[in-house]
Amino acid sequence: MKRALAFLLLAAGLLPRAHAAGSCSLSLTSSQLVDFGTYTSAGPAIEGSGALSFLCVPDILSGLTVPYSISIGAGGSGSFGTRRLSAGGYWLNYNLYTSAARNVIWGDGTAGTSKVNGSCATLCTVQVFGRLPAGQSVPGAQYSDSVVVTIDF
């Protein structure tokens, strides 16, 4: 009887097993991706930063991390070249970048933009960098834009 049981366990080990694929879920700790603070048209460019946090649960059979790719939409302007914060018919040009050097626009991989790629095994955080160029003359108000953040895994 012990031999038959050992054989059945070995055979069961060779059968394909159903398993859950790795997954990730995005969570923003606030409704602001980047807060630029107070802008004055006579002042210098303003640089701001924020963060995206997300939780990934790896697939036990295929690896210890979940590869991901994060894109950020163009927002209300519809253009990655110049995103716009708006308030009452006025707007401030700005953009979002993949690094502190602010030389690569974070987008969806089209029109000269890049996505941010990596891998995650637990709670992960990716920095978002922004810039408001100097010299934009607008009335005082609270300016905002909405962008869609997508994580592919």
Seminar exercise, completed: Interatomic distance, CD1@I151 vs CD1@I72, rounded to 0.5 Å, equals 11.5 Å
Exercise. What are the two closest non-hydrogen atoms of F80 and G73, and how far apart are they?
Worked result: CE2-C, 3.6 Å
Seminar exercise, completed: Note: T125 and A51 closest approach over all heavy atoms is CG2-CB, 3.6 Å
Exercise. If you round to the nearest 0.5 Å, how far is OG1 of T150 from OH of Y68?
Worked result: 14.5 Å
For this session: State yes or no: do V116 and V149 share one hydrophobic cluster built from I, L, V, M, F, W and Y residues joined by side-chain heavy-atom distances below 4.5 Å, directly or via other members?
Result: yes
Exercise. E47 side chain to G130 main-chain N or O, any donor-acceptor pair under 3.5 Å?
Worked result: no
For this session: For N95 and G81, indicate whether the former's side chain and the latter's backbone hold a donor-acceptor pair under 3.5 Å.
Result: yes
For this session: Search all heavy atoms of P44 against all heavy atoms of A134 and return the closest pair with its distance.
Result: C-CB, 3.7 Å
Exercise. Out of curiosity, W91 CH2 to S86 OG, how far, rounded to the nearest 0.5 Å?
Worked result: 9.5 Å
Exercise. Checking side-chain contact (heavy atoms from CB on, under 4.5 Å) for the pair F153/C56: CA distance, chi angles, key distance, verdict?
Worked result: CA-CA 9 Å; F153 54 91; C56 291; 5.8 Å; no
Problem set entry | side-chain contact (heavy atoms from CB on, under 4.5 Å) evaluation trace for V104 with Y97 | CA-CA 6 Å; V104 177; Y97 301 89; 5.8 Å; no
Problem set entry | L33 CG to L96 CG distance, which is reported to the nearest 0.5 Å | 6.0 Å
Problem set entry | Inter-residue atom distance D108.CG - S114.OG, 0.5 Å rounding | 10.0 Å
Problem set entry | N/O donor-acceptor pair under 3.5 Å between D145 side chain and G76 backbone | yes
Problem set entry | Within-4.5 Å side-chain heavy-atom neighbours: S71 and K115 | yes
Exercise. Just wondering, do Y94 and T82 contact through their side chains at under 4.5 Å, heavy atoms?
Worked result: no
Exercise. Looking at T65 and P67, what are the two nearest heavy atoms and their distance?
Worked result: O-CD, 3.7 Å
Problem set entry | Check: P133 main-chain N/O paired with Y39 side-chain donor or acceptor under 3.5 Å | yes
Exercise. Looking only at atom types and distance, does a side-chain atom of W106 sit under 3.5 Å from a main-chain N or O of I70, one as donor and one as acceptor?
Worked result: yes
For this session: For the residue pair S69 and D152, confirm or rule out a side-chain donor-acceptor distance under 3.5 Å.
Result: no
For this session: Evaluate the side-chain proximity of V128 to V126: yes if any heavy-atom separation is below 4.5 Å, no if none is.
Result: no
For this session: Search all heavy atoms of G37 against all heavy atoms of D35 and return the closest pair with its distance.
Result: N-OD1, 2.9 Å
Problem set entry | Point-to-point distance, once rounded to the nearest 0.5 Å, from OG of S137 to CG of L92 | 10.0 Å
Exercise. Do L52 and Q127 have side-chain heavy atoms sitting under 4.5 Å apart?
Worked result: no
Exercise. Can you tell if the side chain of L85 reaches within under 4.5 Å of the side chain of F36, non-hydrogen atoms only?
Worked result: yes
Exercise. Would you say I46 and R131 make side-chain contact, with heavy atoms under 4.5 Å?
Worked result: no
